[in-house]
Amino acid sequence: MRVAGRILSWRSHGKSAFAHIEDAGGRIQLYFRLNVLGPESFEDLDFLDLGDWLGVEGRLFRTRTGEITVEASFWNLLAKSLRPLPIGKEEVDPETGERIVHSGFADTQTRYRQRYADLAVHPEVREVFRLRSRMVTALRSFLDARDYLEVETPILQPIYGGAAARPFTTYHNALDTTLYLRIADELYLKRLIVGGLERVYEIGKDFRNEGIDRSHNPEFTMLEFYQAFADYEDMMALVEEMLATVAREATGDTTVTYQGEAIEFAPPFERVSFVDALSEGLGEDFREMDEASLRSRAEGLTGDDLEGAGRGRLLDKLFGALVEPSLMQPTFVVDYPVELSPLAKLHREDPRLTERFELFVAGRELANAFSELNDPLDQRSRFETQQELKAAGDEETHPLDEDFLRAMEYGMPPTGGVGLGIDRLAMVLADQPSIRDVILFPTLRPEDGGQG
RNA sequence: GCGCCGCUAGCUCAAUUGGCAGAGCAACUGACUCUUAAUCAGUAGGUUCGGGGUUCGAUUCCCUGGCGGCGCACCA
């Protein structure tokens, strides 16, 4: 029997000693005896520390308490730990069987900063990232099986777009030009639809130069997928099936527990219309309300100054305050007002609305999708409306992208498109309260202040 | 950006009304050949986040700066 691993615990008994080592395959107990190893090898054990990597050969046996153990007939040091790992002492609760860790490694910021140490001492953290990997693999398989082509589009972009967000700005020396880190993949993927790649998807990082909190990291992973000759109804059905499949493949079940709440990913998901949900929250039909009364309701609810916010922004604020927090189970909110959705096609039955849905889970937005706007004239006028809002003081409007319009002018088939936040889905499936718990190296202020 | 809370040994945390800065684990020395939060005896370990103030005396009270956590705002 040969095993290797990192020393996690050590119990020395004079002429014998017990230890636990751990590697990716798990944990095992080691037993060292003077009269098995001989005096030289046994005395050298004194130089070992917790955290060292050890290789061991010996026979397997069961101790008096029943634990499978390797009795070492030979051992060697594979790598030395010069810096003590913050390994907590563990015990198993005799009643519940749960693992209790004493005096562990608790400081969240140090855990994120030194993820290598966090991973080294917390098997449950390693499992979160294994789950995330299974989830991403399942998403790829799901789309690949449906003839989607995985593509890569630019992260460095001369004009950012596809969402309303502040970008990171950078500079290319040889081209002597300003470039932006992408805030969404959308506009490039739609160019590919124009080019005849009828089903495309991309999993990649987007970058938004905005606040950091439990559900926002400046760089985050987004899945976007687009399918020609589909509409938002088709995409809703696809998303339902996708999430049920992915939940099952990543966690083993379509029901997952998130922060104590059971969440059911088996289709069908709840559907509510934006208009109904918001009007119900407000107690009256918002379409009959003027901008001033919407603003006063929104300011009353959120307690902030919304001077200068357009009607779309006010509706969104109200929706965020009145409706979103209650959407625990997977819920499609459908048919958003046109002023909220500059890239979505007008609703086939009501031109004040667009054919758009957002998926909410655990009170957070997980996906955003629409029947893509494919009318270049309408798209141009929507962009122009955005420019007017910008002129009126709205800071996060969609820029006008002439090349994107040119692409659409060649003719874009009717298309359904979806953007899905990978990190947020990972939070739900891995039952993690913060986006930083599902990102290996979340964005932090640089150490030693001023270094970066 | 605003509010609340926090910062003490490598780690997890104490410290009475303002009165010698402590414990457990880790480290080090010793005892112990089926232990498992091993046990037992001992040793060492500190700019109490920085600066200023009040005081005979500050980990403690006040001011100020830094960093962090949580909440809010921002994130259509």
Side-chain angles (χ1 to χ4, degrees), chain A residues 8-20 27 29-37 42 46 49-51 61-67 69 71 81-94 99-113 117 121 162-166 183-184 206 208-218 220 274 302-306 309-321 336-344 356 358 364-365 368 386 389 394-398 421 433-436 444-450:
Chain A
L8 291 183
S9 63
W10 194 269
R11 294 174 295 283
S12 183
H13 295 264
K15 297 185 179 63
S16 74
F18 286 90
H20 276 97
R27 244 173 234 210
Q29 180 167 257
L30 305 178
Y31 182 43
F32 300 93
R33 289 175 57 169
L34 173 60
N35 60 2
V36 174
L37 285 169
F42 189 81
D46 285 345
D49 291 304
L50 298 186
F61 76 109
R62 209 176 270 277
T63 63
R64 186 185 295 162
T65 53
E67 181 164 352
T69 301
E71 185 184 64
S81 169
L82 295 179
R83 197 184 279 274
L85 275 171
I87 298 171
K89 293 230 166 186
E90 294 182 9
E91 70 176 321
V92 176
D93 188 308
R99 200 165 60 95
I100 303 168
V101 179
H102 300 268
S103 300
F105 180 30
D107 182 70
T108 53
Q109 117 113 334
T110 308
R111 286 179 43 220
Y112 300 140
R113 218 180 263 298
V121 304
R166 270 181 292 172
I183 58 173
D206 287 344
R208 297 188 183 176
N209 205 341
E210 284 160 352
I212 298 177
D213 65 24
R214 271 193 336 202
S215 54
H216 297 266
N217 195 61
F220 60 100
F274 183 92
T302 60
D304 35 71
D305 180 14
L306 295 170
R311 185 179 174 87
R313 196 171 166 70
L314 292 172
L315 293 177
D316 193 67
K317 296 292 276 184
L318 287 165
F319 191 83
Y336 281 66
V338 62
E339 50 271 57
L340 280 173
S341 317
L343 300 166
R356 172 182 179 188
E358 290 198 329
R364 271 192 289 267
E365 178 190 344
N368 181 23
Q386 291 288 308
L389 284 173
D394 198 334
E395 285 186 9
E396 291 182 1
T397 56
H398 202 293
S434 168
I435 198 167
R436 291 177 163 194
L444 299 170
R445 185 182 299 279
E447 245 173 322
D448 301 323

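Below, chains carry the letters A, B, ... as their sequence lines are ordered, and counting in each starts from 1.
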Worksheet item: Is the base of B/U35 touched by the side chain of A/Gln29 through a donor-acceptor pair closer than 3.5 angstrom?
Response: yes
Item to complete: Give one of base, sugar-phosphate or nothing for A/Tyr336, where a contact means two heavy atoms less than 4.0 Å apart.
Response: nothing
Worksheet item: What does A/Arg83 touch in the nucleic acid at a heavy-atom separation under 4.0 angstrom: a base, only the sugar-phosphate, or nothing?
Response: nothing
Worksheet, complete the sentence: Of A/Lys15 and A/Trp10, the one whose closest nucleotide on RNA chain B sits nearer the 5' end is A/Lys15
Worksheet item: Do any side-chain nitrogens or oxygens of A/Arg11 fall under 4.0 Å of OP1 or OP2 in B/A38?
Response: yes
Practice prompt. Identify whether any heavy atom of A/Asp107 sits under 4.0 Å from a base atom; if not, whether one sits that close to sugar-phosphate; answer base, sugar-phosphate or nothing.
Written response: sugar-phosphate
Discussion item. Counting the atoms with a prime plus P, OP1 and OP2 as sugar-phosphate, which does A/Thr108 contact under 4.0 Å by heavy atoms, base, sugar-phosphate, or nothing?
Written reply: sugar-phosphate
Worksheet item: Looking at B/U35, B/A76, B/U33, which one has an atom nearest to any side-chain atom of A/Ala164?
Response: B/A76
Item to complete: Using a 4.0 Å heavy-atom cut-off across all strands, classify A/His20 as base, sugar-phosphate, or nothing.
Response: base
Discussion item. Looking at A/Arg356 and A/Leu340, would you say the former's side chain and the latter's main chain have a donor-acceptor pair under 3.5 Å?
Written reply: yes
Worksheet item: Rounded to the Å, how far apart are A/Asp213 CG and B/G1 P?
Response: 16 Å
Discussion item. Using the P atom as the point on both nucleotides, what is the distance between B/U59 and B/G52, in whole Å?
Written reply: 14 Å
Worksheet item: Please give, in whole Å, the distance from B/C25 P to A/Glu90 CD?
Response: 16 Å
Discussion item. Classify the ring geometry of A/Phe319 against A/Phe274: parallel below 30°, tilted from 30° to 60°, perpendicular beyond 60°.
Written reply: parallel
Discussion item. With a 4.0 Å cutoff (strictly under), does any side-chain N or O of A/Arg214 reach OP1 or OP2 of B/C70?
Written reply: no
Item to complete: Between B/G51 and B/U12, how far apart are the C1' atoms? Round to whole Å, please.
Response: 29 Å
Worksheet item: If pairing requires Watson-Crick or G-U wobble contacts with both distances under 3.5 Å, which nucleotide is the partner of B/G50?
Response: B/U64
Worksheet item: Quantified in whole Å, what is the P atom distance between nucleotide B/A9 and nucleotide B/C5?
Response: 22 Å
Worksheet item: What interatomic distance, in whole Å, is found between C1' of B/G53 and the corresponding atom of B/A15?
Response: 24 Å
Worksheet item: Would you say B/C34 has OP1 or OP2 under 4.0 Å from some side-chain N or O of A/Arg33?
Response: no
Worksheet item: So, A/Arg364 versus A/Ser215: side-chain donor-acceptor pair below 3.5 Å or not?
Response: no
Item to complete: In whole angstrom, give the distance that lies between atom CG of A/Leu444 and atom C1' of B/G68.
Response: 11 Å
Item to complete: Identify whether any heavy atom of A/Arg27 sits under 4.0 Å from a base atom; if not, whether one sits that close to sugar-phosphate; answer base, sugar-phosphate or nothing.
Response: nothing
Worksheet entry | Whole angstrom value for the distance that separates P of B/A31 from CG of A/Asp46 | 10 Å
Discussion item. Checking side-chain polar atoms at under 3.5 Å, does A/Gln29 have a donor or acceptor matched by the opposite partner on A/Arg11?
Written reply: yes
Worksheet item: To the nearest angstrom, how far is A/Arg111 atom CZ from B/G10 atom C1'?
Response: 18 Å
Item to complete: Determine the minimum heavy-atom distance between A/Ile87 and A/Leu8, stating which atoms define it.
Response: CG2-O, 3.5 Å
Response to the item:
Hits for side-chain hydrogen bond (donor to acceptor under 3.5 Å, both in side chains) against A/Arg27, two or more places apart or cross-chain, chain-then-number order -> A/Glu22, A/Glu90
Worksheet item: So does A/Lys89 get a side-chain nitrogen or oxygen closer than 4.0 Å to the phosphate oxygens (OP1/OP2) of B/A26?
Response: yes
Discussion item. Any side-chain to backbone donor/acceptor pair from A/Ser81 onto A/Arg83? Under 3.5 Å, distance only.
Written reply: yes
Worksheet entry | Qualifying residue, where the test is ring pair (Phe, Tyr, Trp, His ring centres under 6.0 Å) with A/Trp10 and the options are A/Phe18, A/Tyr31, A/Phe32 | A/Phe32
Item to complete: Starting at atom CZ of A/Phe61, determine the distance to atom P of B/U33, rounded to an integer number of angstrom.
Response: 16 Å
Worksheet item: Which one is paired to B/G18, where only Watson-Crick or G-U wobble pairs with both distances under 3.5 angstrom count?
Response: none
Practice prompt. Provide the distance between the two C1' atoms, one in B/U54 and one in B/G10, to the nearest whole Å.
Written response: 35 Å
Worksheet item: For the base of B/A38, is there a side-chain donor-acceptor partner from A/His13 under 3.5 Å away?
Response: yes
Worksheet item: With both distances under 3.5 angstrom, what nucleotide forms a Watson-Crick or G-U wobble pair with B/A26?
Response: none
Fill in: For B/A58, the Watson-Crick or wobble counterpart (both distances under 3.5 Å)
none
Item to complete: Could you work out the separation of B/U60 and B/G18 based on their C1' atoms and round it to a whole Å?
Response: 6 Å
Worksheet item: Counting any heavy atom closer than 4.0 Å, what does A/Glu91 reach on the DNA or RNA strands: base, sugar-phosphate only, or nothing?
Response: base
Worksheet item: Okay, side chain of A/Arg166, backbone of A/Glu210: is any donor-acceptor separation there less than 3.5 Å?
Response: no
Worksheet item: Tell me: CZ of A/Phe105 to P of B/U12, nearest whole Å?
Response: 8 Å
Fill in: RNA chain B: 5'-proximal contact among A/His398 and A/Asp49 (nearest heavy atom)
A/Asp49
Fill in: Spacing between A/Leu314 atom CG and B/A76 atom C1', to the nearest angstrom
11 Å
Worksheet item: Taking the same atom, C1', in B/C7 and in B/G50, what whole-Å distance lies between them?
Response: 12 Å
Fill in: Residue matched to B/C2 through Watson-Crick or wobble contacts both under 3.5 angstrom
B/G71
Worksheet item: Whom does B/A9 pair with, Watson-Crick or G-U wobble, provided both distances fall under 3.5 Å?
Response: none
Worksheet item: B/A76, B/A26, B/C34: which one has an atom nearest the side-chain heavy atoms of A/Leu50?
Response: B/A26
Item to complete: Sticking with atom P, work out how far B/U64 lies from B/G3, rounded to a whole angstrom.
Response: 12 Å
Worksheet item: What is the pairing partner of B/U39, taking Watson-Crick or G-U wobble pairs with both distances under 3.5 Å in any strand?
Response: B/A31
Worksheet item: Can you find a side chain N or O atom of A/Arg436 that sits less than 4.0 Å from OP1 or OP2 on B/G69?
Response: yes
